[in-house]
Amino acid sequence: MVGIFSLVTGWPGPSGFGSSSTAEQVTQGIDGTNLTAIITGGASGIGLETSRVLALRGVHVIIGARNVKAANEAKKTILTEIETARVDVLELDLCSIRSIRAFADNFIALNLPLNILINNAGIMFCPFQLSQDGIEVQFATNHIGHFLLTELLLDKMKNTVKTTGIQGRIVNLSSIAHTHCYKNGIRFDHINAKEGYNDKRAYGQSKLANILHANELSRRLQEGGVNITVNSVHPGLIMTPLFRHSAVLMNFLKFFSFFLWKNVPQGAATTCYVALHPRLKGVTAKYFVDCNEMTPSSYARDEALARKLWDFSHELINSVSKP
């Protein structure tokens, strides 16, 4: 009930911020000029606002986007407002293992540091279809794509930590929808099956996977003494292009629940807070809503499930990767 009250009223939580806080407000006064960040899907919706605000704080932003033309337009928009902004664009299709590997190679070739990785991009409520690699498309894009991308960039982040002494941060965008998934959380034995597919539960499954991935990666990094934190966030309900597969339904629901919805600057706030705020130094394997730590579902806290998903994700990637 406290969470609903805070969401409706915008009342700040322990962090001093709440559902009505904007990305600019939660990063006010933070100097990110010595940081480099990759933001997947950083050319539209809350991803674009995240790119803009991090650039505003001096961060060198790399936008990973499938639509390079749209991403370059987003870059121009940011540079028009912030003349000193450092923004670059690299092509990235999270639905394609080949594209993900190419993106990682292209970024590493730039010889830039990497302090922050924001796994923001996603798709939502899609009709059943398989990716070009033969993986159910929501699971492929929302989880597998980011799982592989993170793995490919992890050594770069570790090296950046060693050379700069600055703690690295990885932020996975999950959703409250992680609570609405399949029985037992993940359909390991039927991950690519059309039979039994439900677009809403498939989305919830992928968002659950985002939290489990963050928690297991955090555990492994801590065991290895690596100074990189990994956290998950729920940005809130925002009408963005994510809803293109269910726009009529979402507009109907929004009419009756208008007090629960955020605008884009509010929707990007939690991501920016977790990525940049000094208060989050050393905080890892946590789930944030409205810039405050919250307890996710029991599935999301299941360490055995997280380990199983980790191994399953590796096996799935290896099974579809071509030499």
Side-chain angles (χ1 to χ4, degrees), residues 23-24 26-43 46-65 71 75 78 82 84-90 92 100 103-121 146-173 210 213-214 217-218 220-222 224-233 235 268-286 288 291:
E24 285 197 28
V26 304
T27 58
Q28 187 65 44
I30 295 175
D31 181 5
T33 52
N34 59 343
L35 302 174
T36 300
I38 288 175
I39 305 172
T40 68
I46 60 174
L48 174 55
E49 179 67 359
T50 301
S51 298
R52 186 189 72 82
V53 171
L54 262 61
L56 180 66
R57 302 304 175 216
V59 178
H60 184 178
V61 173
I62 311 296
I63 296 175
K75 174 182 175 179
I78 294 172
I82 311 162
T84 58
R86 295 175 294 160
V87 181
D88 288 298
V89 172
L90 290 176
L92 172 63
I100 295 163
F103 173 90
D105 289 343
N106 290 335
F107 174 77
I108 291 169
L110 295 175
N111 198 30
L112 293 170
L114 181 58
N115 307 94
I116 302 166
L117 172 60
I118 300 178
N119 291 320
N120 164 83
H146 284 126
F147 181 91
L148 177 59
L149 179 67
T150 302
E151 182 170 85
L152 294 174
L153 295 173
L154 201 54
D155 282 345
K156 167 60 75 172
M157 293 195 74
K158 290 178 180 179
N159 289 335
T160 300
V161 169
K162 287 180 182 178
T163 57
T164 65
I166 300 171
Q167 183 175 76
R169 295 189 185 187
I170 299 172
V171 183
N172 280 2
L173 264 76
N210 293 149
H213 169 220
L217 177 56
S218 175
R220 289 168 180 258
L221 291 172
Q222 285 187 297
V226 179
N227 191 20
I228 297 174
T229 64
V230 196
N231 292 292
S232 307
V233 304
T270 304
T271 302
C272 292
Y273 173 74
V274 175
L276 280 187
H277 206 287
R279 188 180 293 130
L280 273 294
K281 183 178 181 180
V283 176
T284 191
K286 302 298 182 183
F288 290 85
C291 301

Between Ile166 and Val161, does a side-chain contact (heavy atoms from CB on, under 4.5 Å) hold up when you go through it step by step? CA-CA 5 Å; Ile166 300 171; Val161 169; over 6 Å; no
Counting C-beta onward and ignoring hydrogens, is there a side-chain heavy-atom pair between Cys272 and Leu54 closer than 4.5 Å? yes
Atom pair CD1/OG1 of Ile170 and Thr284 - distance to nearest 0.5 Å: 8.5 Å
Checking the side chain of Thr40 only, and the main-chain atoms of Ala121 only, is there a donor and an acceptor separated by less than 3.5 Å? yes
Which distance, rounded to the nearest 0.5 Å, do you find between the CG of Leu90 and the CD1 of Ile63? 10.0 Å
In terms of side-chain heavy atoms, does Thr27 have a donor or acceptor partner in Arg57 at a distance below 3.5 Å? yes
Side chains of Lys286 and Thr229 in contact at under 4.5 Å (non-hydrogen atoms): no
Give me the ring orientation class for Phe107 and Phe103: parallel if the planes are under 30° apart, tilted from 30 to 60°, perpendicular past 60°. parallel
When rounded to the nearest 0.5 Å, the distance separating CG of Asn106 from CD1 of Ile62 is 11.5 Å
Strictly by modelled atom types, are Thr271 and Thr50 linked by a side-chain donor-acceptor pair under 3.5 Å? no
Please report the shortest heavy-atom distance between Met157 and Arg169, naming the atom on each side. CE-O, 3.6 Å
For residues Asn172 and His146, is any side-chain donor paired with an opposing acceptor at under 3.5 Å? no
Rounded distance (nearest 0.5 Å) linking atom CZ of Arg220 with atom CD1 of Ile228: 14.5 Å
From Leu149, Val171, Ile39, residue fulfilling side-chain contact (heavy atoms from CB on, under 4.5 Å) relative to Asn119: Leu149
Looking only at heavy atoms, what is the nearest atom pair of Gly47 and Asn120, with distance? CA-ND2, 3.5 Å
Could you grab the distance from atom CG of Leu153 to atom CD1 of Ile108, nearest 0.5 Å is fine? 6.0 Å
Nearest heavy-atom contact between Lys75 and Asp88 is NZ-OD1, 4.1 Å
Under 3.5 Å, side chain of Arg86 to main-chain N/O of Gly58, donor-acceptor pair present? yes
Shortest non-hydrogen contact between Leu173 and Ile118, atoms and distance: CD1-CG2, 4.0 Å
Would a 4.5 Å heavy-atom cut-off, applied to side chains only, mark Leu152 and Ile100 as touching? yes
Taking C-beta and beyond as the side chain, do Ile30 and Pro278 meet within less than 4.5 Å on heavy atoms? yes
Would you say Leu276 and Val59 make side-chain contact, with heavy atoms under 4.5 Å? yes
Please round to the nearest 0.5 Å and tell me the distance separating atom CG of Leu35 and atom CD1 of Ile116. 5.0 Å
For the pair His213 and Phe147, name the ring-plane relationship: parallel under 30°, tilted 30 to 60°, perpendicular over 60°. tilted
Regarding Asn34 and Thr164, is there a side-chain donor-to-acceptor distance under 3.5 Å anywhere? no
Looking at every non-hydrogen atom in both residues, tell me the closest pair between Ala43 and Ala71 and how far apart they are. CB-CA, 3.6 Å
Heavy-atom closest pair, residues Leu280 and Gln167: O-OE1, 4.4 Å
Non-neighbouring partners of Arg279 that pass salt bridge (charged side-chain N to carboxylate O under 4.0 Å, His left out), sequence neighbours left out: none
Above 12 or not: heavy atoms from other molecules or residues under 6.0 Å from CG of Asp105? yes
Ignoring hydrogens and angles, tell me if any N or O in the side chain of Asn231 forms a donor-acceptor pair with the backbone of Val283 under 3.5 Å. yes
Is the shortest side-chain heavy-atom distance between Leu221 and Leu154 below 4.5 Å? yes
